Q: 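For reference, the structure I am asking about is given below.
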Amino acid sequence: MTYKADEQEKYVLECHGISKAFGGTQALCNVELLVRQGEVHALLGENGAGKSTLMKCIIGLHQQDKGEILFEGKPYSAKGPTEALNAGISMIHQELNPEPHLTIAESIFLKRENTKGILLDKRAQNKRADEILKKFNFPYNSKTLMKELTLAQMQMVEIIKAVSYNSRLIIMDEPTSSLDSEETAHLFSIIRELKEKGVAIIYISHRMEEIFEICDYVSVFRDGTYVGARSMEAADRDGLISMMVGRKVENVFPKVECEIGEVVFKVEGLSGKGFDDISFEVRKGEILGISGLVGSGRSETMRAIFGMDPITEGKLYLEGREIKIKKPGQAIKQGICMVNEDRKNFGLALHRSIRENIALPTLPIMQKGMLLNKKKEEKNCLNMGNLLKLKAASIEHDAFSLSGGNQQKTVLAKWLLANPKVLILDEPTRGVDVGAKSEIHNLMCQFAAKGLAVIMISSELPEIMGMSDRILVYHEGKIRGEVLREEILSGETDQEKILAKAFGGM
Amino acid sequence: MAKEKEKILGMDGDKFRMFMGKYGIGVILVLMMVFISFMEPSFRSASNMINVATQVSINAMIAYGMCLAITTEGIDLSVGAQLALVSCILGQLISNKGWSIPLAILAAVLVSTLWGVINGLLISKFNMFPFVVTLSTQLIIRGLAQLISGGQAIPITDAAFKRIYSTKIAAVPFPILVLILVTVLMYLLLHWTKLGRYIFAVGDNMNAAIASGVSVIKTKTAVYAISGFLAGIAGVIFTAKTASAQSNIGIGYETDAVAACVLGGTSFAGGVATIPGVLMGIFIIGFIYNGMNLIGIDSYYQSMTKGAVIIGAVLLDMVMNKKTN
Amino acid sequence: MAKEKEKILGMDGDKFRMFMGKYGIGVILVLMMVFISFMEPSFRSASNMINVATQVSINAMIAYGMCLAITTEGIDLSVGAQLALVSCILGQLISNKGWSIPLAILAAVLVSTLWGVINGLLISKFNMFPFVVTLSTQLIIRGLAQLISGGQAIPITDAAFKRIYSTKIAAVPFPILVLILVTVLMYLLLHWTKLGRYIFAVGDNMNAAIASGVSVIKTKTAVYAISGFLAGIAGVIFTAKTASAQSNIGIGYETDAVAACVLGGTSFAGGVATIPGVLMGIFIIGFIYNGMNLIGIDSYYQSMTKGAVIIGAVLLDMVMNKKTN
Amino acid sequence: GGSDKKEEGGKSSKGETSEVVGDVNGDGKIMCGYISKNIVDPFHAPINDYAKKTFDALKKDGTIDDWTGILDGETDANKQIDRADECIAKNCDYVIILPAEASSSDAAVTKLTDAGIKVIVVNSKTDSTDDVAMAYVGPDDVKAGEMLAQWVIDNVSDGGKYAHCQGVIGNSAQIQRGEGIENLMKDNDKFESVGDFPCEWQADKAANVATDMMNQYGDDLKAIICDNDDMSSAAQKACNDAGRSDIVCVGVDGNENPLQMVKDGEMGATVLQDGPAQVEGAIDLIKKALKGEETEKEVMIPFVLITKDNVDEYLK
Ligand SMILES: Nc1ncnc2c1ncn2[C@@H]1O[C@H](COP(=O)(O)OP(=O)(O)OP(=O)(O)O)[C@@H](O)[C@H]1O
Ligand SMILES: Nc1ncnc2c1ncn2[C@@H]1O[C@H](COP(=O)(O)OP(=O)(O)OP(=O)(O)O)[C@@H](O)[C@H]1O
Ligand SMILES: [Mg+2]
Ligand SMILES: [Mg+2]
């Protein structure tokens with residue numbers, strides 16, 4: 001069943017026996033990767049499986065400890081990105097790396113500046129950039145500063161930049177994690193065009209639908225080792241998942257129906273930057289899904305409710321009482337907690353221990369006199385870690401050392417310890433692998449069963465449809481529709497219909 | 001996932017590295033003490049150790065405050081000027097206005113704490129860079145000190161006041177007692193209280209701290225207020241030591257404080273610091289001065305030695321913890 | 001999406017804010033000049049303007065170097081000591097060793113550039129914090145200066161050397177010509193060359209720059225080398241001005257340089273700076289000294305005024321650009 | 001100190017075109033400049049205060065039309081040269097300057113004299129003072145160093161070990177006082193130096209040196225000589241606190257704190273240089289010039305050794 005390297009075939013890229021260790025962690029151990037010309041090659045694996053690490057070895061950001069890489073049949077080793085780019089390999093990086101104070105043109109042509117003598121030729125460069133932007137239907141002028149773009153637009157610039165190198169191999173490390181379905185479709189059309197031209201693409205994503213839609217072959221990694229490769233035609237979803245996690249994942253969206261109680265939290269006529277006149281309510285035990293395009297103002301609404309952005313108008317009610325929230329501290333005290341979509345920036349203090357991260361919002365209740373009760377703190381954190389099946393050597397390790405999924409669990413642990421009444425989850429499974437994802441979904445159901453009201457924002461339609469009791473659809477800062485679970489179960493409403501609402505249709 | 005773990009000194013590799021990351025500076029301190037003792041045996045004497053501990057008490061107060069500031073990704077350049085301001089206020093109140101000593105000290109330390117609060121508010125509320133804010137307030141504070149003293153030295157002849165530096169309780173000079181007390185309090189504050197946790201969280205990832213309900217404004221203001229308060233205490237000890245109130249003292253004292261913090265493993269990236277580390281850093285700086293004086297190193301080489309020790313220690317730490325590019 | 005746009009001074013709100021963000025400092029400069037002229041008419045005279053421009057040339061060189069360092073999220077605290085080192089090397093070579101002036105200048109500037117390279121390598125290659133590195137090398141460099149000069153002042157009597165400061169070409173003092181030349185070169189470097197682009201990119205987001213193939217080591221080393229080189233030039237002008245080589249000069253000069261950068265809109269967060277802005281910052285600092293002395297403001301208030309102007313200007317910028325918390 | 005007086009060559013040649021006697025630049029106004037060494041040292045503050053008081057009085061009674069106010073030299077030759085520019089811009093006739101550095105502040109003096117201004121150098125002589133300045137009023141720092149050493153030699157009869165706390169290295173007062181100390185101590189075989197310690201004029205660094213040295217040399221340590229008496233008073237205090245009031249600490253300046261200590265018997269002596277008297281001398285010269293009188297080329301203000309016997313005359 002394993003996909004065997006065919007002697008006859010020409011490979012653009014061959015990686016053989018690559019190993020790489022960071023200090024004590026063996027990130028890669030003897031992995032293989034074979035990519036053909038004009039093929040979209042998916043790379044699958046759990047968080048921390050070593051996908052990005054291998055890509056960084058190829059692009060020259062890391063040097064492998066062992067193993068050899070052949071590019072277009074010739075031995076290849078890049079000491080830095082410049083050499084890789086010159087050789088014909090470009091990459092879209094997993095972590096969005098914008099240069100906020102550069103213009104789009106400056107960002108795209110960084111290290112490839114147009115010059116006249118020793119001076120820059122800004123005019124020629126802007127013209128060149130505008131041509132490229134136009135080709136990709138990008139709605140901004142090349143002189144726009146990067147910081148004026150939205151997250152998704154920045155990601156599109158990254159994509160355009162990677163393509164603009166005219167490379168023969170393009171690595172895309174989770175390019176769609178901040179794109180919505182329309183933009184994803186745009187990206188796919190770009191990928192198909194590139195394929196036509198014979199460009200090879202390595203495509204990394206945790207979204208299985210995308211893999212099935214666009215990819216030709218798939219290689220699977222697990223814990224830094226190479227598990228195998230398949231032709232996409234020969235692959236099925238469950239098979240790939242069990243290759244990735246080493247076991248069968250029973251149910252991807254394990255929605256457990258539970259009793260829905262009275263209204264816990266109600267929002268009336270809420271307005272602020274990015275959203276307008278939002279009203280909804282959420283009940284005990286309910287999972288309220290919020291769908292919409294990226295940039296439709298979902299996160300903004302929740303940030304405002306949580307006290308991170310100002311509210312210009314509207315009222316909040318918790319258990320029938322009106323409440324005022326100006327700062328996250330007040331929201332937490334009232335029992336409203338929020339997992340931010342941006343884990344790196346708003347989730348964790350990466351250089352502090354897991355324990356400190358989990359205990360941070362609840363320190364006031366873990367005191368003995370003026371001092372902290374570290375015993376109680378440790379016990380609480382351990383309990384919560386165990387409950388969530390947090391995989392870590394010890395809770396004293398830095399949060400930095402955790403894989404993405406476990407980092408996300410740490411954030412969840414932090415909020416569960418605060419014993420909330422309403423839990424807001426903004427993209428709770430973004431960048432989280434299938435295994436961890438199903439665990440997080442499981443947990444969500446458990447919380448709901450305990451009477452918690454859960455609000456979940458997600459850009460992944462299958463997730464929203466699989467998990468929610470009720471779905472609100474956003475369009476341009478307004479709620480444009482409501483879908484009940486029954487409608488989905490009965491097939492009355494499907495993905496297309498929700499999407500249509502998200503695009504502003506009825 | 002973990003394969004066979006390498007063992008170093010009976011600890012497994014990870015732990016050893018964590019230990020060296022945290023206490024590698026202690027090794028440097030010990031090596032330094034051995035080296036100086038070897039060059040100059042009188043260094044080892046109890047009386048010399050008491051000397052050094054008394055001498056470093058001023059820098060220690062400043063360094064602890066600086067450590068908090070650096071931990072929140074800031075810096076407090078105003079401490080040197082705060083020394084001068086406190087000194088001049090003490091001089092005016094005690095010598096010229098005849099205030100009682102406790103009251104004068106209270107007033108002076110209050111003023112320095114207030115300046116700390118101002119620093120903190122400007123930094124946190126107006127989102128200004130700590131370097132810029134404290135550079136500016138430093139100029140203003142020193143100007144105030146000059147204004148108060150009229151640029152003159154005001155002798156403080158009150159014997160009780162001078163005893164603040166020289167009195168001994170059970171053979172231990174008073175400044176050492178203050179040092180011990182402040183060290184314990186700072187240790188508890190940073191490692192055993194809510195505020196300490198918030199300081200680390202804000203320094204490591206301000207946005208995450210905000211999203212966890214931590215008030216950045218309160219935390220940072222507290223940090224600079226404490227720094228101001230400790231600079232005030234340092235100013236009192238300083239003034240008692242020289243028995244004279246002067247507006248030109250403390251210039252460049254932030255340098256030694258920063259050096260002590262850096263040696264003690266405080267990271268300019270924020271979120272990382274330990275009070276025991278800073279204490280060791282303080283003593284390293286103290287031993288550099290004391291050791292060089294005892295060994296009799298030529299004046300010209302003293303500043304070079306200090307620079308080389310700081311850079312060497314940090315470099316060693318970097319290499320040991322594999323943090324280089 | 002856009003509603004009715006607010007109009008301020010005929011520009012729409014956004015544009016006005018961008019304009020003020022970029023050139024607000026120019027407005028402050030002009031206001032300041034008007035105010036001083038009003039208080040003291042002799043301020044306006046051409047000769048006084050030439051005076052100020054000549055005076056600021058030293059700080060300008062340092063500030064340009066500092067600006068590059070700050071733009072890459074760094075700082076160069078060693079510049080003051082570099083002045084001293086250059087001065088002492090010049091003194092030794094010209095007065096004691098009898099070297100020819102161009103050769104001595106070349107040697108001195110080479111040494112300061114070399115120290116810049118050392119700073120840059122320590123910062124970029126070993127990933128050390130610029131504050132720590134340059135704090136330490138500052139101590140070492142000043143120690144070297146003391147060693148070279150033997151702690152003595154070395155008068156440089158050579159008239160040709162002194163003319164570097166005093167000679168005029170078409171009524172324009174030579175230091176002003178140097179200032180103009182360096183300003184133009186720095187403007188081209190930062191805004192019109194690849195290196196300048198890399199400096200912005202590295203300061204703005206180092207990882208992104210690396211991913212695009214920019215060498216952080218080369219860029220940062222170049223930045224600190226340029227800072228060292230410019231400090232060298234400043235040292236030559238300084239020495240020609242005072243006609244004497246001394247190891248205790250330049251103490252605290254980094255403060256004025258940082259102030260000029262900050263006033264000129266250079267952000268400590270990196271990635272944001274303009275040479276015209278820094279030039280305006282340099283002149284604001286120059287006018288503070290010159291203006292206050294001409295008006296005859298009591299000296300005690302001068303340091304306070306400087307502090308208040310810096311904090312006020314930055315605060316104004318923050319409020320105008322709505323950057324506060 | 002001996003004050004050998006030289007006669008000034010002659011009066012300003014421009015004097016004849018002017019209505020006002022002593023109006024050097026002939027603009028009909030008498031403008032005076034005052035460039036301080038700094039405004040923060042306790043030694044300079046009383047000098048500056050004295051200058052301010054006197055010049056303000058002169059302005060009030062019409063002797064001069066105006067003066068620049070205290071220009072802050074920030075102990076920096078570079079800044080003093082800039083201040084000289086400002087004196088020129090304000091059309092000064094006379095400028096009093098207290099050089100930050102004997103060598104590098106000379107450029108300020110020559111710049112002023114080149115502009116035709118009459119310069120009186122106070123407190124420390126720059127290299128070309130004798131050639132270009134109108135006069136020098138002040139002390140001789142080498143002599144001060146010698147007085148320090150002499151006091152130690154006189155008061156430590158058996159000789160022994162001594163330490164030397166230096167000012168900021170490279171500063172001319174530091175260099176010259178060190179030279180004076182060296183002059184007497186080098187050839188005196190009863191005394192042995194345990195080292196020169198860079199204390200940057202700072203009192204608490206000198207106190208640290210004192211405790212370190214007492215600890216290291218115990219009873220062998222007999223004296224600590226400091227380049228200024230901020231340092232010597234702090235060193236003496238450290239010695240006294242350690243029960244070693246027998247150690248002789250001495251320094252230069254005559255600041256209030258050391259004077260107080262001498263008065264209280266906590267310190268044997270300090271060497272006073274009478275700063276206000278130096279400025280007084282300089283302003284007297286200006287007054288004389290304005291009356292059209294001859295002025296001396298050099299006025300030496302001697303250092304005074306202050307002991308318990310004469311401290312009351314100097315302590316305000
Ligand atoms: N610079 C580094 N220093 C230390 N450890 C690292 C570094 N980069 C990656 N690792 C570790 O190497 C392992 C593989 O990480 P990698 O980023 O390649 O995983 P991934 O498959 O891309 O996961 P994800 O799906 O979350 O992006 C992880 O255990 C990670 O913690
Ligand atoms: N920090 C910010 N500064 C400026 N504009 C922002 C900022 N954050 C978001 N926006 C903009 O506000 C609008 C609403 O974005 P928001 O993040 O609420 O969308 P969303 O529907 O939650 O999408 P996502 O699925 O990415 O969370 C977008 O146009 C976005 O670009
Ligand atoms: Mg990855
Ligand atoms: Mg969002």
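Throughout, protein chains are lettered first and strands after them, A, B, ... in sequence-line order, and every chain is numbered starting at 1. These figures come from a predicted structure and were not determined experimentally.
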Q: Side chains of D:Q166 and D:D196: is there a donor and an acceptor less than 3.5 Å apart?
A: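 There is no such pair between these side chains.
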Q: Got D:I224 and D:Y162 here, is their nearest side-chain heavy-atom distance under 4.5 Å?
A: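 Sidechains of D:Y162 and D:I224: no contact.
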Q: I need the contact set between residues 267-277 of chain D and chain B: heavy-atom distance under 4.5 Å, sorted by residue number.
A: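 Contacts with chain B: none.
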Q: Any salt bridge linking D:R177 with D:D227? Criterion: basic side-chain nitrogen under 4.0 Å from a carboxylate oxygen.
A: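 Salt bridge flag = no for D:D227 with D:R177.
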Q: Should the heavy atoms of other residues, nucleotides or ligands under 6.0 Å from CZ of B:F229 be counted, would the total exceed 12?
A: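 Counting neighbours around CZ of B:F229, 12 or fewer heavy atoms of other residues, nucleotides or ligands fall under 6.0 Å, so no.
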Q: Between the side chains of D:D241 and D:K237, is the shortest nitrogen-to-carboxylate-oxygen separation below 4.0 Å, so that they form an ion pair?
A: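 The answer is yes: the pair qualifies as a salt bridge.
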Q: Using non-hydrogen atoms only, which part of D:N38 is less than 4.5 Å away from chain B: side chain, backbone, both, or neither?
A: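 Neither part; nothing is under 4.5 Å.
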Q: With a 4.5 angstrom heavy-atom cut-off, is it the side chain or the backbone of B:I249 that approaches chain D, or both, or neither?
A: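 The answer is neither part of B:I249.
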Q: Where does B:I50 contact chain D at under 4.5 Å (heavy atoms): side chain, backbone, both or neither?
A: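 Interface part for B:I50: neither.
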Q: What residue pairs, at least two apart or across chains, pass salt bridge (Lys or Arg N to Asp or Glu O under 4.0 Å) with a residue in residues 259-272 of chain D?
A: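 Listed once each, the pairs are B:K162-D:E266, D:K263-D:D312.
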Q: Mind checking whether D:W67 and D:F55 have parallel, tilted or perpendicular rings, split at 30° and 60°?
A: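 Taking D:F55 first and then D:W67, their aromatic rings lie parallel (interplane angle under 30°).
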Q: Could you tell me which portion of D:I169 (side chain, backbone, both or neither) has an atom closer than 4.5 angstrom to a non-hydrogen atom of chain B?
A: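 The side chain, not the backbone.
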Q: Looking at D:R83 and D:D72, is any side-chain nitrogen of the basic one under 4.0 Å from a carboxylate oxygen of the acidic one?
A: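 Salt bridge flag = no for D:R83 with D:D72.
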Q: With a 4.5 angstrom heavy-atom cut-off, is it the side chain or the backbone of D:Q236 that approaches chain B, or both, or neither?
A: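 D:Q236 has no heavy atom closer than 4.5 Å to chain B.
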Q: Run the ring-centre check on B:F287 versus B:F43 and record whether the distance is less than 6.0 Å.
A: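 Between B:F287 and B:F43, the centre distance is under 6.0 Å.
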Q: With a 4.5 Å limit on heavy-atom distance, are the side chains of D:N48 and D:V279 in contact?
A: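 Of all side-chain heavy-atom pairs linking D:V279 with D:N48, none is under 4.5 Å.
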Q: Under 4.5 Å from any heavy atom of chain D, what part of B:N290 do you find: side chain, backbone, both or neither?
A: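 B:N290 touches chain D through backbone and side-chain heavy atoms alike.
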Q: If we count only N and O atoms by modelled type, under 3.5 Å, do the side chains of B:T183 and B:Y64 hold a donor and an acceptor together?
A: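 Yes, because at least one side-chain N or O of B:T183 sits under 3.5 Å from a partner of the opposite role on B:Y64.
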Q: Which bit of B:T157 is near chain D, if near means a heavy-atom gap under 4.5 Å: side chain, backbone, both or neither?
A: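 Contact with chain D: side chain only.
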Q: Is chain D contacted by the side chain of B:Q152, its backbone, both, or neither, given a heavy-atom distance below 4.5 Å?
A: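 Looking at B:Q152, backbone and side chain both touch chain D.
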Q: Without swapping roles, check the side chain of B:Q92 against the backbone of B:I148 for a donor-acceptor pair under 3.5 Å.
A: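 Such a contact is found between B:Q92 side chain and B:I148 backbone.
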Q: Is B:S45 close to chain D through its backbone or its side chain, or both, or neither, when contacts mean heavy atoms under 4.5 Å?
A: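 Looking at B:S45, just its side chain touches chain D.
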Q: Roughly how far, to the nearest 0.5 Å, is the CG atom of D:N171 from the NZ atom of D:K37?
A: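 Those atoms lie 4.5 Å apart.
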Q: Given heavy-atom pairs under 4.5 angstrom as the criterion, report whether the side chain, backbone, both or neither of B:A240 touches chain D.
A: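 Backbone only.
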Q: Tell me, for D:N240 versus chain B, whether the close heavy atoms (under 4.5 Å) come from the side chain, the backbone, both or neither.
A: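 For D:N240, no heavy atom lies under 4.5 Å from chain B.
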Q: Can you list every pair that meets salt bridge (Lys or Arg N to Asp or Glu O under 4.0 Å) and has a residue in residues 292-312 of chain B, with sequence neighbours left out?
A: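 Listed once each, the pairs are B:D256-B:K306.
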Q: Measure distances from B:Q146 to the heavy atoms of chain D and classify the residue's part below 4.5 Å as side chain, backbone, both or neither.
A: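 When you check distances to chain D, only side chain atoms of B:Q146 fall under 4.5 Å.
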Q: Is D:Q260 in contact with chain B via its backbone, its side chain, both, or neither, using a 4.5 Å heavy-atom distance?
A: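 Side chain of D:Q260 only, per the 4.5 Å heavy-atom cut-off to chain B.
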Q: Output the distance between atom OG (B:S244) and atom CG (B:L90), rounded to the nearest 0.5 Å.
A: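 Going from OG on B:S244 over to CG on B:L90, the span is 11.5 Å.
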Q: About how many Å separate CD of B:Q82 and CZ of B:R142, when rounded to the nearest 0.5 Å?
A: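 Result: 10.5 Å between the selected atoms.
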Q: So which residues of residues 200-215 of chain D are in contact with chain B at a heavy-atom cut-off of under 4.5 Å?
A: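 Counting heavy atoms that sit under 4.5 Å from chain B, the residues of residues 200-215 of chain D involved are D:Q202, D:A203, D:D204, D:K205, D:A207, D:N208, D:V209, D:T211, D:D212, D:M213, D:N215.
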